[in-house]
Amino acid sequence: TLHETVMPDRAAKRSRGALSGVEVVIGSEYPNSKRDALTQLIKGAGGNVVEHPRQQTQFLVQGHNDEECDERLETCCSLGILGVPAGYIEDCVAAGELIPFRRWAMGWPTPSDPLFLNPFTDPTLEETPIHFEGASGGGQRRDHGSDRRWLLGVTEHGNVDHRCREVEELNQSVRDMKEQNWPAVGSDGRKSIYLLPIVTRPGKQARRGNPARAAGGGITGVPDDPALLDALATFLGPYFGADVRALKPTEIKIGKTSAKMCGVNIAVERVGTDSGAPASATTPVLSVLDLLDAIETQLPPDGYCVLGLTSERIYEGEIGTGTEMLGRAFGGSRIAAFSTATMLEAAKSGGAKRAKSSFTASFAHLVATVAHETMHCFGLDHCGLYSCCMNSWADTVEEFAPPPHHDHAWDGDAVVGVVHLCPVCVRKLQIPCGFVPKDRCAALAKACAAIGLDEQSAWYKEVGARAIAAVDHQVQVGVAESASSNTDIEVESNGDDKSPDSSPVLPLAARLATRRRPK
């Protein structure tokens, strides 16, 4: 654990004040005894505790059960103040230093592939732009030309966008992921991700005359279209390292104020015209919570999760005051629901060229949403540490990032998301899925290219190339250091059978894995 891997000589470091000059707000979840203990610990390490957040506050010490009604959480989120658990503060004091929170959340040594997508062994991931022409997304970038992109999106405060997590949410660390003991793929015989097409007219939706087929280059937004299901399976397979299968289409019958699927009643709202208009002149919008209840009945015994796809619009809450959405999941119940309505609408926008561009952006957004909601079924919470597929919200998708350390990385109101996982979340997903990160990266580069997501493919290729280079460097350093060490021993041992230094020469990866162990 991190408590076992802090720096030695703790008493000396603690005396220098690990939290010197650091200002902290403590959330409302903790009882008075815990608050008092934390306050004493923070002040003893040179920090300061304040009741209300302000611009110079660095941390909100937050609990997983903090209520969003605590208005201070909203203030902290809008100011970019990083929410951290009490354990982080305790580890910093024990280490005698302020640990970068992203590093703490990722953990060290890392579970495997210590050189893969690790900005603490390869700072260029955050700091060095790369050349990339073209983009498939639709966000408005600023501060750099089309050929200057970064692999990882970060900001100074640790929140890539103040809207990237819900105010009451706490960034989930790798340690948190391990401690919740989420079921591994294959446990209890559950090994497959199932796609469930939900249709209003079985067998009649995926027709070749559909305008979405031309715009999507063979893929439509129709739930039972084999090309769409194949594309999603092509992507989800390597993303999760799991078997992906499609179930037979399930019919939903939609009435004026309700719908029915698998014996479950689903609330329906009608939008698009004045009240009193006939149902045929309005657009049905389905209650996603009711829809999820119906989808749950279709989870097979060997299903790790089931993902329902409908071409109808979906919402949560009261229409008008609620939220229309692309997807929603109940992770613990292994179920998720998605709407392809925006893909179908994109295929009809403007001329053929514009429709194709709009469709590609809409498809990338759907893929990111499917990945995001499915990861809730694998135990992942929202992420606010990097541009990451697990950011809580996205209006569009662009894989490469703007310049690092900008508090407001994007212009306008659009929240820009990504398909890829950040260094923390890829290691969290690895826990239940068991994949090798660099192999997953190579497979996703091919999968994204195969389904027309060129920008996403380019991102995975770049990261994969860096992983190969890191491994090559590791081997070269290990061989060179071993040769150098052997030469020194031979010279110094002439006439003497004893080696002056019996400690082994470790390759780079091994040194990284042990460099923070206490003596």
Side-chain angles (χ1 to χ4, degrees), residues 1-2 5 59-60 62 64 80 82-85 87-88 91-92 98-127 150-161 164-166 169-180 182 239-241 331 368 371-372 374-376 378-394 399 401 404-405 409 417-438 440-441 444 459-460 463 466-467 470 512-513 516:
T1 67
L2 286 171
T5 57
F59 299 113
L60 163 67
Q62 191 174 347
H64 287 284
L82 189 61
V84 300
Y88 168 73
D91 280 344
C92 286
L98 192 62
I99 306 166
F101 184 71
R102 291 187 183 91
R103 170 177 276 179
W104 183 89
M106 190 166 69
W108 66 82
T110 51
S112 68
D113 290 317
L115 298 179
F116 175 80
L117 199 59
N118 188 336
F120 305 107
T121 57
D122 181 9
T124 65
L125 289 164
E126 291 182 1
E127 298 171 1
W150 279 256
L151 283 170
L152 298 178
V154 295
T155 63
E156 206 62 65
H157 291 295
N159 289 321
V160 71
D161 187 302
C164 68
R165 65 183 177 90
E166 305 300 330
E169 290 179 325
L170 190 59
N171 284 304
Q172 181 188 38
S173 69
V174 171
R175 184 166 68 181
D176 292 332
M177 183 72 192
K178 288 180 178 179
E179 289 177 350
Q180 69 178 355
W182 201 267
Y239 202 95
F240 293 92
H372 174 105
T374 304
M375 276 184 283
H376 285 315
F378 282 77
L380 274 73
D381 291 339
H382 290 153
C383 171
L385 299 178
Y386 293 89
S387 288
C388 178
C389 192
M390 289 312 293
N391 296 158
S392 68
W393 190 266
E399 215 58 34
H405 306 306
V418 297
V419 171
H420 70 261
L421 285 173
C422 75
V424 177
C425 289
V426 73
R427 287 167 170 83
K428 290 191 292 185
L429 186 61
Q430 184 188 17
I431 294 169
C433 295
F435 51 71
V436 177
K438 60 179 180 293
R440 171 183 180 269
C441 189
L444 280 170
W459 191 93
Y460 283 111
V463 171
R466 286 166 179 259
L512 290 171
R516 294 192 62 84

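Every value quoted in this text rests on a predicted model; they were computed, and no experiment measured them. Values reported hereafter were calculated over all heavy atoms of this structure, with side chains retained and with hydrogens, waters and symmetry mates removed.
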Check side-chain hydrogen bond (donor to acceptor under 3.5 Å, both in side chains) between His420 and all other residues, then give those that pass, not counting sequence neighbours.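 His420 satisfies side-chain hydrogen bond (donor to acceptor under 3.5 Å, both in side chains) with Glu399 only.
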Quick check: closest heavy atoms across [X] and [Y], and the distance to 0.1 Å?
X	Y	result
Ala368	Val418	CB-O, 3.9 Å
Gly87	Trp104	C-CZ2, 3.9 Å
His382	Ser392	ND1-CB, 3.2 Å

[atom1] of [X] to [atom2] of [Y]: how many Å apart, nearest 0.5 Å?
X	Y	atom1	atom2	value
Asp381	Asp176	CG	CG	8.0 Å
Cys383	Asn171	SG	CG	6.0 Å
Arg466	Cys441	CZ	SG	11.0 Å
Lys428	Ser173	NZ	OG	7.5 Å
Asn118	Arg427	CG	CZ	5.0 Å
Met375	Cys388	CE	SG	6.5 Å

Using modelled atom types only, decide if a donor and an acceptor are shared between the side chain of Tyr88 and the backbone of Ile99 within a distance under 3.5 Å.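 Pair found, side chain donor or acceptor close to backbone of Ile99.
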Is a side-chain donor or acceptor of Arg102 paired with a backbone partner of Leu385 at a separation under 3.5 angstrom?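 Yes, the answer is positive, given that a donor and an acceptor are paired below the 3.5 Å cut-off.
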Heavy-atom side-chain contact between [X] and [Y] under 4.5 Å:
X	Y	result
Cys389	Tyr239	yes
Leu117	Leu421	no
Tyr386	Pro119	yes

By side-chain contact (heavy atoms from CB on, under 4.5 Å), which residues pair with Pro432, not counting sequence neighbours?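 In terms of side-chain contact (heavy atoms from CB on, under 4.5 Å), with neighbours along the sequence ignored, Pro432 is linked to Met177, Tyr304, Phe378.
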Partner of Arg440 by side chain to side chain contact (heavy atoms under 4.5 Å, CB included), out of Phe240, Phe116, Phe435: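 So the option named by the test is Phe435.
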In sequence, state the C-alpha distance, the side-chain angles, and the governing distance for Gln172 and Met390, and then conclude on side-chain contact (heavy atoms from CB on, under 4.5 Å). CA-CA 11 Å; Gln172 181 188 38; Met390 289 312 293; over 6 Å; no
Could you go through Val174 and Ile431, starting from their C-alpha distance and side-chain angles, then the distance that decides it, and tell me whether this counts as side-chain contact (heavy atoms from CB on, under 4.5 Å)? CA-CA 9 Å; Val174 171; Ile431 294 169; 4.2 Å; yes
Ring pair (Phe, Tyr, Trp, His ring centres under 6.0 Å) for Phe59 and Phe101? Distances and angles first, verdict last. CA-CA 10 Å; Phe59 299 113; Phe101 184 71; 7.6 Å; no
